[in-house]
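As structure tokens, the structure follows; a few thoughts come after it.
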Amino acid sequence: MGVVTRFAPSPTGFLHIGGARTALFNWLFARHFGGKFLLRIEDTDRERSTAKAVDAIVDGLKWLGINWDEEPVFQSSRLRRHVELAESLVTAGKAYYCYCSAAELDAMREEAKSNGLTPKYNGKWRDRDPKEAPVGVRPVIRLKIPMLGETTLADLVQGIITVSNDQLDDMILVRSDGTPTFMLSVVVDDHDMDITHVIRGDDHLTNTFRHIQIFNAFGWDIPQYAHIPLIHGPDGAKLSKRHGALGVDAYRTMGYLPEAICNYLLRLGWSHGNDEIISREQAIEWFATENLGKSASRLDFSKLNNLNGHYMRAADNQRLLNDLLEIIEEDVSAEKRCRLLRGMTGLKQRAKTLLELRDLARIYTGDFIPAQMDFEDLDILRIISVKLRSLEEWTEENLEKQLREFSLEKNIPFGKIASLLRNILSDRKITPGILDMLVSFGRGESLERINAALS
RNA sequence: GUCCCCAUCGUCUAGAGGUCUAGGACAUCGCCCUCUCACGGCGACAACACGAGUUCGAAUCUCGUUGGGGACACCA
């Protein structure tokens, strides 16, 4: 049977950057082996789950180009099955009803803690006669975890990890309100969906020992696990909203390209020798859990910017123009769109993000105030004006030829001419090359601006 | 507190006992290219957390210390 992976976010917020990486890795792994990648929405927490969050996650994945197979599974629709299975465990003597109150549980934890032990449930109802059940109290269902022995996990990333069973407590499978817990639901769904490999953040590592116990109770096969390290903020502390725990949509509005985000995320905690720029196809071909690192990594925006710059330069001009028009508030005339498209090659190599590109683009779309010039400059400009007007074809080659000839003829440095023209075509210090600008503006607009400066 | 995990340049990492006076990338700083700015090219700076072992030999193996992270809910 083939590989089946899944991404299982809980829809309580946006698709954050760590989640995006988890999804990416699961997706790459499945695609590498020609298997399936499934999406499961873990919405068992009805209070916190929203349809809006589901949309945000779906949009985020689509934007990143991560496509899933089959219809997404909504965990909430599987409540019945989860609870029935838990009850079957009670019947089989592998789970039991517990009637403890919240106050009792607190006391147990406090007691364990004061004895220097892991705080946990003490098994009060584990072997009690159900006849002793207090009336009017709705019980939870707890799993009977073996009191002796240990549980071992052979993790694809972290290696072999063994935990003593006395660290695990009899976890709750079904709450007193009759709803299943995350622990139960994950296991049942991973089993029912035939998940073969679970790649997830290593904040789930210790949960995995509990999951294994549930798998064992049911007598089911356990999937392979790969726990990937978490992403930290630039300061090494846990990722917070302050520094990057943003939704992928936020990265989008910051002007990053999805391929840059994917490439960046891929290289965070994973490597393939010295390769840095990795296409989607190469990533699918190369991805393997063996190359995953074990330590947490920090988010580094300067590297992301560099990568984004690379993908901007590599991007198709028309596509970039479309992206750009989406984030420009005001209308851009057809004429100016043509200008932008002609000038895109020169613009995109000067921008690291779409936001920077938008700013640079104003050279071709915005208003400007031409610089003041002295008489000498005006004389030079007058001659240039005549020379350029006489050009038959307004091409970069012809423009350069004409201006270079003029430069030699009058013994005026080409740089002087270029900066003169820059000052009357734009009021920016930083612009594309002067020939590029003349071509992008086109004959009409260029001559018009020169004329305006002369008068 | 208890349990688990991690540890190479500022950052992401290569490195699976000798080829490591530790390689690449980003960032930083020079130089070159050059009409400004970028791009590109060349170069510089810069790391095996610490301490014991094992071994002829350790960044690589073992143990300890320190530092960081995660988990210990009727959240997921």
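The structure presented is a predicted model; accordingly, all values stated were derived computationally and were not measured. Just so we're on the same page: letters track the sequence lines, and every chain starts at 1.
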| said: What's A:Asn305 touching, base or sugar-phosphate or nothing? Going by heavy atoms closer than 4.0 Å. | reply: nothing
note: A:Leu266, atom CG; B:rA14, atom P; distance rounded to Å ~ 12 Å
Fill in: Close aromatic pair by centroid cut-off 6.0 Å: A:Trp270 and A:Phe287
yes
* **Euclidean distance for P, B:rU13 against B:rG30 (whole angstrom)** => 29 Å
Report task. Please measure how far the P atom in B:rC45 lies from the corresponding atom in B:rC6, and state the result in whole Å. Result -> 34 Å
- Message: Under 4.0 Å, counting only non-hydrogen atoms across every strand here, what does A:Arg138 touch: a base, just sugar-phosphate, or nothing?
- Response: nothing
Would you classify A:Cys98 as touching base, sugar-phosphate or nothing, given that sugar-phosphate means primed atoms plus P, OP1 and OP2, and contacts are heavy atoms under 4.0 Å? nothing
Hey, can you tell me if A:Tyr97 and A:Tyr99 have their rings parallel, tilted or perpendicular (30° and 60° cut-offs)?
tilted
Parallel, tilted or perpendicular for A:Tyr251 and A:Phe301, by the 30°/60° rule? parallel
- Item | Sugar-phosphate, base or nothing in reach of A:Arg109, heavy atoms under 4.0 Å | sugar-phosphate
Fill in: Pair A:Lys387 + A:Glu409: basic N to acidic O under 4.0 Å
yes
Closest of B:rU36, B:rA27, B:rA7 to the A:Ser295 side chain is B:rA7
**Request:** Could you work out the separation of B:rA59 and B:rC9 based on their C1' atoms and round it to a whole Å?
**Result:** 13 Å
Of the listed B:rC12, B:rG23, B:rA27, the closest approach to the A:Asn274 side chain comes from B:rG23
- prompt: Just checking A:His204: base, sugar-phosphate only, or nothing, at a heavy-atom cut-off of under 4.0 Å?
  reply: base
- How is A:Glu42 classified with respect to the nucleic acid when contacts are heavy atoms under 4.0 Å: base, sugar-phosphate, or nothing? sugar-phosphate
| request: Before accepting this row, confirm whether a basic side-chain N of the pair A:Asp177/A:Arg138 lies closer than 4.0 Å to the acidic partner's carboxylate O. | output: no
Taken to the nearest whole Å, CD1/A:Ile278 to P/B:rU13 is 12 Å
Rounding to the closest angstrom, what is the interatomic distance between B:rA27 and B:rC39 at atom P?
8 Å
Exercise for review: Give one of base, sugar-phosphate or nothing for A:Thr12, where a contact means two heavy atoms less than 4.0 Å apart.
Suggested key: nothing
From CG of A:Leu143 across to C1' of B:rC74 the rounded distance in Å is 15 Å
| Within the modelled atom types, does a donor on one side and an acceptor on the other bring the side chain of A:Arg313 and the base of B:rC39 under 3.5 Å apart? | no
From the candidates B:rA73, B:rC12, B:rC35, the one with an atom nearest any side-chain atom of A:Arg267 is B:rC12
Test of ring centre spacing under 6.0 Å for A:His227 and A:Tyr225: yes
For a quick check, tell me whether the side chain of A:Asp300 and the base of B:rA27 share a donor-acceptor pair closer than 3.5 Å.
no
In Watson-Crick or G-U wobble terms, with both distances under 3.5 Å, the base opposite B:rA7 is B:rU66
Indicate whether the side chain of A:Asn305 and that of A:Tyr256 have a donor and an acceptor atom separated by less than 3.5 Å. yes
Check your understanding: Distance between the C1' atoms of B:rC61 and B:rU28, in whole angstroms?
Key -> 37 Å
Classify the nucleic acid contact of A:Ser419 as base, sugar-phosphate or nothing, counting any heavy atom under 4.0 Å across all strands shown. nothing
Pairing partner of B:rU28, by Watson-Crick or G-U wobble and under 3.5 Å for both distances, is B:rA44
With a 4.5 Å limit on heavy-atom distance, are the side chains of A:Asp155 and A:Thr208 in contact?
no
A:Leu399 CG to B:rC35 P, in whole Å, measures 16 Å
Comparing nearest nucleotides in RNA chain B, the 5'-proximal residue of the pair A:Asn306, A:Tyr264 is A:Tyr264
Rounded to whole Å, CD of A:Glu290 lies from C1' of B:rG15 at a distance of 16 Å
To the nearest angstrom, the CG-C1' distance between A:Asp169 and B:rC74 comes to 12 Å
Note to self: What contact category does A:Lys348 fall into here, base, sugar-phosphate, or nothing, at under 4.0 angstrom with non-hydrogen atoms?
What the structure shows: nothing
Side-chain contact check for A:Ser302: nearest option of B:rC26, B:rA76, B:rG24 is B:rC26
Taking only nitrogen or oxygen atoms into account, show me every contact under 3.5 Å that the protein makes with nucleotides 49-51 of chain B, one pair per line with its distance.
none

_At 4.0 Å (heavy atoms only), tell me whether A:Ser271 reaches a base, stays on the sugar-phosphate, or touches nothing._
sugar-phosphate
Whole-Å distance, A:Asn308 CG to B:rA38 P, equals 18 Å
### Any A:Lys352 side-chain N or O less than 4.0 Å from OP1/OP2 of B:rC39
yes
ask   = Do the ring planes of A:His272 and A:Trp286 sit parallel (below 30°), tilted (30 to 60°) or perpendicular (above 60°)?
value = parallel
#### Entry: Sugar-phosphate only, base, or nothing, as touched by A:Pro432 at under 4.0 Å among non-hydrogen atoms
base
Pairwise C1' distance, B:rC33 and B:rG15 [rounded to whole Å]: 36 Å
A:Val140 has its side chain closest, among B:rC74, B:rC72, B:rA76, to B:rC74
| message | Keeping A:His232 on the side-chain end and A:Arg298 on the backbone end, is there a donor-acceptor pair under 3.5 Å? | response | no
By nearest-heavy-atom nucleotide on RNA chain B, the more 5' of A:Thr181 and A:Ile434 is A:Ile434
Closest to the side chain of A:Asp203, out of B:rA71, B:rU36, B:rC74, is B:rA71
For the C1' atoms, the ones on B:rU62 and on B:rC26, what distance do you get once it is rounded to whole angstrom? 36 Å
inquiry  = Between A:Lys348 and A:Asp323, does any NZ, NE, NH1 or NH2 come within less than 4.0 Å of an OD or OE carboxylate oxygen?
reply    = no
Categorize A:Leu230 for me: base, sugar-phosphate, or nothing, with a 4.0 angstrom heavy-atom threshold over every strand shown.
sugar-phosphate
- [ ] Name the nucleic acid region contacted by A:Leu268, choosing base, sugar-phosphate or nothing; use a 4.0 angstrom heavy-atom cut-off, strictly under.
- [x] sugar-phosphate
**Request:** With side chain to side chain donor-acceptor pair (under 3.5 Å) as the test, would you mind laying out the steps for A:Asn308 and A:Thr353 before giving the verdict?
**Result:** CA-CA 6 Å; A:Asn308 205 60; A:Thr353 66; 5.5 Å; no
Subject >> P gap between B:rU34 and B:rG17, integer Å >> reply: 49 Å
Query raised in the report: Are the aromatic rings of A:His191 and A:Phe218 close, with centres under 6.0 Å apart?
Result: no
Under 3.5 Å, is there a donor on one side chain and an acceptor on the other for A:Ser419 and A:Asn423?
no
- request: Would you mind classifying the nucleic acid contact of A:Gly269 as base, sugar-phosphate or nothing, using non-hydrogen atoms under 4.0 angstrom?
  value: sugar-phosphate
Checking N1-N3 plus N6-O4 or O6-N4 for Watson-Crick, or N1-O2 and O6-N3 for wobble, each under 3.5 Å, the partner of B:rG57 is none
Provide a list of protein-nucleic acid N or O atom pairs under 3.5 angstrom, restricted to nucleotides 2-5 of chain B.
unit_1	atom_1	unit_2	atom_2	d
B:rU2	O2'	A:Thr118	OG1	2.7
B:rC3	O4'	A:Gln167	OE1	3.2
B:rC5	O2'	A:Gln158	OE1	3.2

To the nearest angstrom, the CZ-P distance between A:Arg298 and B:rC6 comes to 18 Å
